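Everything numeric in this text was worked out from a predicted model, so none of it was measured. Along the sequence shown, residues are numbered consecutively beginning with 1.
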Amino acid sequence: MALMDFIKKQFIDVIQWTESGDGTLAWRFPMQDMEIQYGASLTVRESQMAVFVNEGKVADVFGPGLYKLTTQNIPLLTNLKNWDKLFESPFKSDVYFFSTRQQVDQKWGTPQPVTIRDKDFGAVRLRAFGNYSFRIADPRLFHTEISGTREVYRVAEIDGQLRGLVLQHLSDGIAQSGIPFLDLAANQIEFARALSEELAPAFGAIGLKLEGMTVQNVSLPEELQKILDQKIGMGMVGNDMGKFMQYQTAQAIPKMAEGGGGGSGIAGDAMGLGAGVALGQVLAQNLQQGLQQPTPGAPAAAAAAAAGLKPEDVLATLERLGELKAKGILTDEEFASKKAELLKKLV
């Protein structure tokens with residue numbers, strides 16, 4: 001009996017896979033020193049597929065169902081081994097199971113800001129993150145391109161590759177969506193759809209199907225966000241430089257009040273506040289005069305303004321305009337135009 005038990009253990013009559021946890025994409029059925037009994041049963045559960053591999057070549061692929069392994073339902077393997085129709089002997093073959101259920105909540109994000117083209121700003125560096133889900137759609141292709149002969153292949157092993165694909169196609173996805181940066185936050189679903197369309201061929205090339213893509217946040221680096229906030233502030237005051245300077249001065253007064261108590265006393269604080277208010281008024285008046293376009297109906301007023309503008313006021317205005325250009329609030333063309341206009345008033 002001991003000899004008969006030993007012989008029986010060399011043949012496999014039931015082939016199946018019960019997943020023990022999440023994150024497994026491919027699993028090889030243990031076949032060392034064993035052969036598959038002719039007529040053995042193969043059980044492939046829902047959300048699984050099985051692949052028979054003979055001497056390194058992919059043979060038959062099975063979807064969900066219960067199969068009896070005979071020459072009739074393993075035709076490719078039969079051809080590879082040159083079996084005749086009367087063949088009923090045990091045989092050797094590697095069997096791989098693949099999980100076809102969705103692998104959800106896979107994270108993606110930009111570790112560094114990514115430069116993209118934008119309709120409004122020309123070029124913008126932004127950060128974005130979200131998640132996606134995928135599944136194995138073509139186990140034959142996934143086996144030959146990715147998992148190979150490994151005993152177990154897990155999601156974690158391909159995670160870095162898939163994240164890289166997302167980042168590689170991020171710029172193309174934004175360009176494909178046609179959505180300006182300022183509208184991306186309100187159109188994240190459309191952006192995610194465009195990104196999915198860009199990524200689908202890359203996923204398909206390795207036997208995967210991208211099932212879902214979400215964009216949870218799109219933002220600028222901190223330094224660019226400050227410049228954007230300033231542009232928004234300019235827009236809120238109708239691009240009136242004088243009003244904008246008054247607004248900035250008003251915002252700075254509380255900070256000056258907080259920082260003026262370093263040993264100078266109440267009188268020093270009051271002087272600091274008074275200087276801040278006076279400086280804000282002077283800058284606002286100078287910039288208003290320097291940036292105001294003369295109208296055809298008021299040549300006398302323009303001449304009077306030019307005559308009353310002091311050289312030191314012009315220089316102060318130019319310095320302030322230079323700071324605004326350095327921060328990106330004014331373009332080079334706007335700065336050059338205002339500079340030429342102010343310098344004419346010194347002649």
Side-chain angles (χ1 to χ4, degrees), residues 12-31 36 40-70 72-80 92-108 130-166 168-169 192-193 195-215:
I12 301 169
D13 56 7
V14 176
I15 303 175
Q16 62 180 348
W17 176 39
T18 303
E19 297 181 59
S20 58
D22 295 330
T24 301
L25 293 174
W27 178 77
R28 186 180 66 200
F29 189 88
M31 285 288 187
I36 301 172
S41 66
L42 169 67
T43 301
V44 183
R45 292 175 169 82
E46 292 289 345
S47 76
Q48 292 180 357
M49 294 189 78
V51 174
F52 279 65
V53 179
N54 176 64
E55 297 179 354
K57 295 182 179 180
V58 176
D60 299 280
V61 179
F62 295 86
L66 177 63
Y67 304 90
K68 184 178 180 181
L69 299 178
T70 65
Q72 284 74 30
N73 58 22
I74 46 175
L76 296 180
L77 188 62
T78 298
N79 291 336
L80 287 174
K92 287 191 69 68
S93 176
D94 292 325
V95 181
Y96 295 86
F97 284 88
F98 295 85
S99 173
T100 58
R101 61 192 177 93
Q102 286 195 47
Q103 306 298 325
V104 300
D105 197 25
Q106 305 301 309
K107 308 293 185 182
W108 68 271
N131 57 23
Y132 64 96
S133 61
F134 70 93
R135 71 166 80 240
I136 293 178
D138 187 339
R140 183 192 300 269
L141 186 57
F142 186 80
H143 171 78
T144 57
E145 295 291 335
I146 302 295
S147 61
T149 60
R150 300 186 193 184
E151 183 178 348
V152 178
Y153 194 89
R154 303 184 184 279
V155 173
E157 298 178 66
I158 199 174
D159 179 67
Q161 173 69 15
L162 298 183
R163 289 192 189 195
L165 286 176
V166 174
Q168 180 181 344
H169 291 80
R193 184 195 62 77
L195 185 55
S196 296
E197 292 179 355
E198 285 291 324
L199 285 167
F203 273 64
I206 55 176
L208 301 178
K209 180 181 179 182
L210 183 61
E211 291 288 353
M213 169 71 67
T214 67
V215 178

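- Side-chain contact between Val95 and Trp17 is absent, with no heavy-atom pair separated by less than 4.5 Å.
- By the 30° and 60° cut-offs, the orientation of the rings of Phe142 relative to Phe98 is perpendicular.
- For the pair Trp108 and Val215, the minimum side-chain heavy-atom distance is below 4.5 Å.
- Across Tyr96 and Arg150, no two heavy atoms sit closer than the pair CE2-O, 3.9 Å.
- A search for salt bridge (charged side-chain N to carboxylate O under 4.0 Å, His left out) contacts involving Asp94 returns nothing, not counting sequence neighbours.
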Derivation of the side chain to side chain contact (heavy atoms under 4.5 Å, CB included) call for Glu198 and Leu165: CA-CA 10 Å; Glu198 285 291 324; Leu165 286 176; over 6 Å; no
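- In plain terms, the two heavy atoms of Ser196 and Leu210 that are nearest each other are CA-CD2, 3.9 Å.
- A heavy-atom distance below 4.5 Å is not found between the side chains of Tyr132 and Leu195.
- The two residues Gln16 and Trp27 make their nearest non-hydrogen contact at O-CZ3, 3.8 Å.
- Of all heavy-atom pairs between Val53 and Ser93, the closest is O-OG, 3.3 Å.
- Atom CD1 of Ile36 is separated from atom CD1 of Ile12 by 6.0 Å, given to the nearest 0.5 angstrom.
- From Leu42, atom CG reaches atom NZ of Lys68 across 13.5 Å, with rounding to the nearest 0.5 Å.
- Using a 4.5 Å heavy-atom cutoff, the side chains of Arg101 and Asp22 are in contact.
- Aromatic ring orientation, Phe97 versus Phe29: tilted (interplanar angle from 30° to 60°).
- Side-chain N or O atoms of Gln106 include one that pairs as donor or acceptor with a backbone N or O of Val104 at under 3.5 Å.
- Summarising the geometry, atom NZ belonging to Lys107 is positioned 8.0 Å from atom OG1 belonging to Thr214; distances are rounded to the nearest 0.5 Å.
- Listed here is the closest heavy atom pair of Ile136 and Leu25: CD1-O, 3.6 Å.
- Applying the salt bridge (charged side-chain N to carboxylate O under 4.0 Å, His left out) rule to pairs touching residues 135-145 yields Arg135-Glu211, sequence neighbours excluded.
- Salt bridge Asp159/Arg154: absent, no basic N to carboxylate O contact under 4.0 Å.
- Between the CD atom of Glu46 and the CD atom of Gln48 there is a distance of 9.5 Å, given to the nearest 0.5 Å.
- For the pair Phe134/Val155, a side-chain contact is recorded, criterion being any heavy-atom separation below 4.5 Å from C-beta on.
- Contact record, Gln102 with Ser133: OE1-OG, 3.1 Å, taken as the closest heavy-atom pair.
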